[in-house]
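Here's the structure, in structure tokens; my notes come after.
Throughout, protein chains are lettered first and strands after them, A, B, ... in sequence-line order, and every chain is numbered starting at 1. Reckoned from all heavy atoms, side chains included, excluding hydrogens, waters and symmetry mates.
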Amino acid sequence: MNMSLDTQIYNKLILQLSDILPESFLLTSEEELRPYECDGLAAYKRLPVAVALPDTIEQVQAIVKVCSQLKVPVVARGAGTGLSAGALPHEGGIVLGLSRFNKIDSIDTDNLTAVVQPGVRNLAISEAVSPYGLYYAPDPSSQIACSIGGNVAENSAGVHSLKYGQTVHNVMQVKIVTIDGELITLGSETLDTPGYDLLALITGSEGMLGIIVEITVKLLPKAESIKVLMASFDEIEDAGHAVAAIIADGIIPAGLELMDKAAIHAAEDFVHANYPLDVAAILLCELDGDDIQLAEQVEKVDAILRDKKAVAVEIADSPEEQARLWAGRKSAFSAAGRISADYYCMDGTIPRKQIAHVLKRITEMSEKYGLRVVNVFHAGDGNLHPLILYDASIEGELESTEKFGGEILELCVEVGGTVTGEHGVGYEKLDQMCVQFNEAELTQFFAVKLAFDPDSLLNPGKAIPTLHRCAELGGMHIHNGELPFPDLPRF
Amino acid sequence: MNILDNDITAELQTQVKQAISNQTPLYIHGGNSKLFYGNTVDATPLDISAHTGIINYDPSELCITVRAGTKLSDIETLLAENNQILAFEPPHYLSSSNNNQDTATIGGTIASGISGPSRAYTGSVRDSILGVNIINGSGEIANFGGEVMKNVAGYDLSRMMVRSQGTLGVILNISVRVIPKPEQNITMTFEATQSEALSYFQNLRKNTLPITATAWLDNIALIRLSASEQVLQSCKEKVKGDERLNADSFWQDIRDHTHEFFTDSKNNDKPLWRFSLPPATPAKIQLDGQQLIEWDGAQRWIYSNAPDNIIQGIASSFKGFATHFKDATSNNAGNKELARFSELDPALFVLHKQLKNKMDPLGIFNPKRIYRGL
Ligand SMILES: Cc1cc2nc3c(=O)[nH]c(=O)nc-3n(C[C@H](O)[C@H](O)[C@H](O)COP(=O)(O)OP(=O)(O)OC[C@H]3O[C@@H](n4cnc5c(N)ncnc54)[C@H](O)[C@@H]3O)c2cc1C
């Protein structure tokens, strides 16, 4: 079997895990392990020594205790849709899959919460509470597949996060199993929990601080009515300016998404959303509320869009028309997959006022690297998703794609943004973390990690680069948008 | 709005490094308006209130970055000039140590994490935090989060500074998300017993009305709605009661604890407790003193002389918590060793201690402010 784990320890591990789990819950043959070798970012692959698929919290506690005693790394896995190789296995460790935790334990229509197991799919929550007129707001595009446990671990977001927040704003309480096998409750059912905000800390911690085994999510009443506006622009910069203008006017749309020409064409070929094909960009703006408020906002947004040189504004009233307009946006990633052998999705976030500038720079880089880019993103929160199109079978293309991607992320930091807005650092963005954070900051992150996990057994080697790695990289350190030697020209 | 631009990072860092090398603890404070909130810290003061100024504010980015000593009132004035507000409506608590002046700073606001009347509707302090710049336990300056709306690079240490009450580091600068100021507010009011008000609030929560505050006291229920004039007109038909004119000062008094409920001497012989309960808790808390309810029932202010263990027992029976918010003013003893916050489960407390130990290994920052041992 795997050489990176001592045979004696491996044998002990399998023996002890088989005591805890029924036979079919423990996978050890290469053929069974293969499906777990990567997550949604297939460029990185590794086989774990075993996959454990428990279905009770007690089993999770027992598994973690065994791993802790034997010093075997544990990589938690939800649905494996992550885009930063966060659930990439450790070659000497196990994957702890939470897919069997797929039940909604309870729905509280008074407190507007639901208690769910970590393997429940994001969309399944909204579907289950829909009969009560409620929904769970964060809606990643992967919502039919991704798990709520993975959402908490990544602090995932979606189209509606602009108005209704990310995962961190929509979770009340989380139960975790620590590396010692303790079950601990973070947060509460109230609006004000005593002690440190460990709920915020665990959210977005990428499986590095504890195993999330139960989540109490916040539910919202569905909006009375919804309108979707689609504005077309001849210049992508104008679309960028329109985004800033809408926000500056005091309107927070439920969603505000931008697609460039390449994205429009790819999506149109795929789902026939009836997008205009001769424009440089479209903006999709969803507004929600009661009828009077909605009428006021539609009027205002329509005027702003036209003022910012929209060549056409289409207003979708019916749910069917709205679904058609959103269909193209929601399937944009798959659409990109159809026009290219492979694509690489970036996730930097920038101040809104930098959108036009950064898009222009990405176009220049695209020419430099000779790689096509599709832009489709959460413009309202300045969260970019450039999809770099490449073909992994062409030698060197993956490498130049990674370089191109890295350059985009460094640009995001340079203009005052961050290397990841919602997909997480995982294994993928370790090098870019060296650009965004200095030694003191990385040391502080490690300190937090050690407070929870002294032997670094939970998802080791992810999210936070070692100081050694950063030193080797010798990366230019950009901080707060301040470049070293700002007056030197850069090419 | 003219706010003094005064960066004293270097001085503060020198003082922290000194404290680290001498192993003498510090009491980090801003305007001292929340001195009462937590245990008294017997340590060398580290005054942040001179560290003031706006570092970056571009209204269309919905974010303001400020130095921690900047007065809350100055920030709110600046935001108002740009038709924006802080979503969490923070209290200003006038400081008695300073002739009832409004001295609250943004740093203290973030560190204490106390939100005001709008909290149940537009989010808490931590919901609005985007980034912090701190002096850490090794005396170094570190940045977490940033100014953009979404950021998942590294652990979320910026949100964790909220409620940490200065025990994890010195907050130097803060980036906060701001929201558009609603065009208008109206307040509807009607007579109701506590349980009638609670059940009415509960029903409202299932609607999407633009409610931004609720309160109940003295058998009166009050509901604040915030939106455009036209929207509010239509809300008047959907919400029970009569409009109460000029209600802004009422909500401000509730927020800042300058309302009669908090100032009346007849309540002063008892400590003030804050109960934090699941929002839909229908029951009235059976205790001796006066009660004021906010956040649809999720926050309840109660004066009571009942023993701590009885009060904590009631709170936990509703899956909630009780905070010994303020001592009875007649009790000048200022009991330093009170347990002011609900006790944490032992395993959770161990995690707290490990975290504190890793972030502040020498125990320099605000020792025992929240709990003994932190
Ligand atoms: C087509 C496509 C579209 C996407 N769109 C979006 C989007 O719009 N917004 C967005 O935010 N993301 C998006 N994603 C990324 C991804 O879906 C999210 O990151 C999602 O939250 C991952 O959930 P998962 O269950 O698949 O987690 P996994 O991929 O299995 O794991 C992700 C990370 O979380 C950890 N983890 C998982 N479960 C647990 C647990 N129970 N306890 C502790 N740690 C755990 C893992 O160790 C890993 O580090 C998209 C992905 C795809 C493929």
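- Looking at B:L351, only its side chain comes within 4.5 Å of chain A, counting heavy atoms on both sides.
- In terms of non-hydrogen atom pairs under 4.5 Å with chain A, the most contact-rich of B:Q354, B:E147, B:R163 is B:R163.
- Judged by distance alone, with hydrogens and angles left aside, the side-chain atoms of A:E441 form no donor-acceptor pair with the main-chain N or O of B:A142 at under 3.5 Å.
- The most heavy-atom pairs under 4.5 Å with chain B, out of A:Q166, A:K449, A:Q444, come from A:Q444.
- The line from CG of B:L277 to CG of A:L191 is 9.5 Å long, rounded to the nearest 0.5 Å.
- For chain B, no part of A:I246 is nearby; none of its heavy atoms comes within less than 4.5 Å.
- In this structure, CG on B:L348 lies 11.5 Å from CG on A:L183, to the nearest 0.5 angstrom.
- Using a 4.5 Å cut-off between heavy atoms, B:I370 contacts chain A through its side chain alone, with no backbone atom that close.
- Highest contact tally toward chain B, considering only A:E182, A:H169, A:M208, is held by A:H169 [criterion: heavy-atom pairs under 4.5 Å].
- With a 4.5 angstrom heavy-atom cutoff, B:Y371 touches chain A only via side-chain atoms.
- Both the backbone and the side chain of B:N151 come within contact range of chain A, with heavy atoms under 4.5 Å apart.
- Only the backbone of A:I350 comes within less than 4.5 Å of a heavy atom in chain B; its side chain stays farther off.
- At a heavy-atom separation below 4.5 angstrom, chain A is approached by B:R119, B:A120 within residues 113-125 of chain B.
- Inspection of the B:T208 and A:E224 side chains reveals no N or O donor paired with an N or O acceptor under 3.5 Å.
- In this structure a side-chain-to-backbone donor-acceptor pair under 3.5 Å is present from A:T349 to B:K150.
- Using a 4.5 Å cut-off between heavy atoms, B:E183 contacts chain A through its side chain alone, with no backbone atom that close.
- For B:D345, no part lies near chain A; criterion is any non-hydrogen pair under 4.5 Å.
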side-chain contact (heavy atoms from CB on, under 4.5 Å) between A:F452 and B:L355: does it pass, once the steps are laid out? CA-CA 8 Å; A:F452 280 77; B:L355 199 62; 4.1 Å; yes
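- In this structure a side-chain-to-backbone donor-acceptor pair under 3.5 Å is missing from A:E189 to B:K319.
- For B:K206 and A:D110, the salt-bridge test passes: some basic side-chain N is under 4.0 Å from an acidic carboxylate O.
- Contact of B:A298 with chain A is made through the side chain alone, with heavy-atom distances under 4.5 Å.
- Salt-bridge check for A:D197 with B:R159: failed, with every basic side-chain N at 4.0 Å or more from each acidic carboxylate O.
- Residues of residues 55-62 of chain B placed with any heavy atom under 4.5 Å of a heavy atom in chain A are listed by number as B:D58, B:S60, B:E61, B:L62.
- Using a 4.5 Å cut-off between heavy atoms, A:T185 contacts chain B through its backbone alone, with no side-chain atom that close.
- Contacts between A:I464 and chain B at a heavy-atom distance below 4.5 Å involve the side chain alone, from C-beta outward.
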Could you go through B:L374 and A:Y196, starting from their C-alpha distance and side-chain angles, then the distance that decides it, and tell me whether this counts as side-chain contact (heavy atoms from CB on, under 4.5 Å)? CA-CA 11 Å; B:L374 275 198; A:Y196 296 146; 3.7 Å; yes
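- In this structure, chain B has heavy atoms under 4.5 Å from both the backbone and the side chain of A:N155.
- Only the side chain of A:E206 comes within contact range of chain B, with at least one heavy atom under 4.5 Å from a heavy atom of that chain.
- Contacts between B:E140 and chain A at a heavy-atom distance below 4.5 Å involve the side chain alone, from C-beta outward.
- Between A:F445 and B:Y155, the ring planes lie perpendicular to each other; the angle is over 60°, past the 30° to 60° tilted range.
- Using a 4.5 Å cut-off on side-chain heavy atoms (C-beta onward), B:M149 and A:I247 make no contact.
- A donor-acceptor contact shorter than 3.5 Å links the side chain of A:N111 to the backbone of B:A280.
- With a 4.5 Å cut-off on non-hydrogen atoms, A:H378 touches chain B through its side chain but not through its backbone.
- Of the two parts of A:E422, the backbone and the side chain both hold a non-hydrogen atom closer than 4.5 Å to a non-hydrogen atom of chain B.
- Your options are A:G421, A:A248, A:A440, and the one with the most heavy-atom pairs under 4.5 Å with chain B is A:G421.
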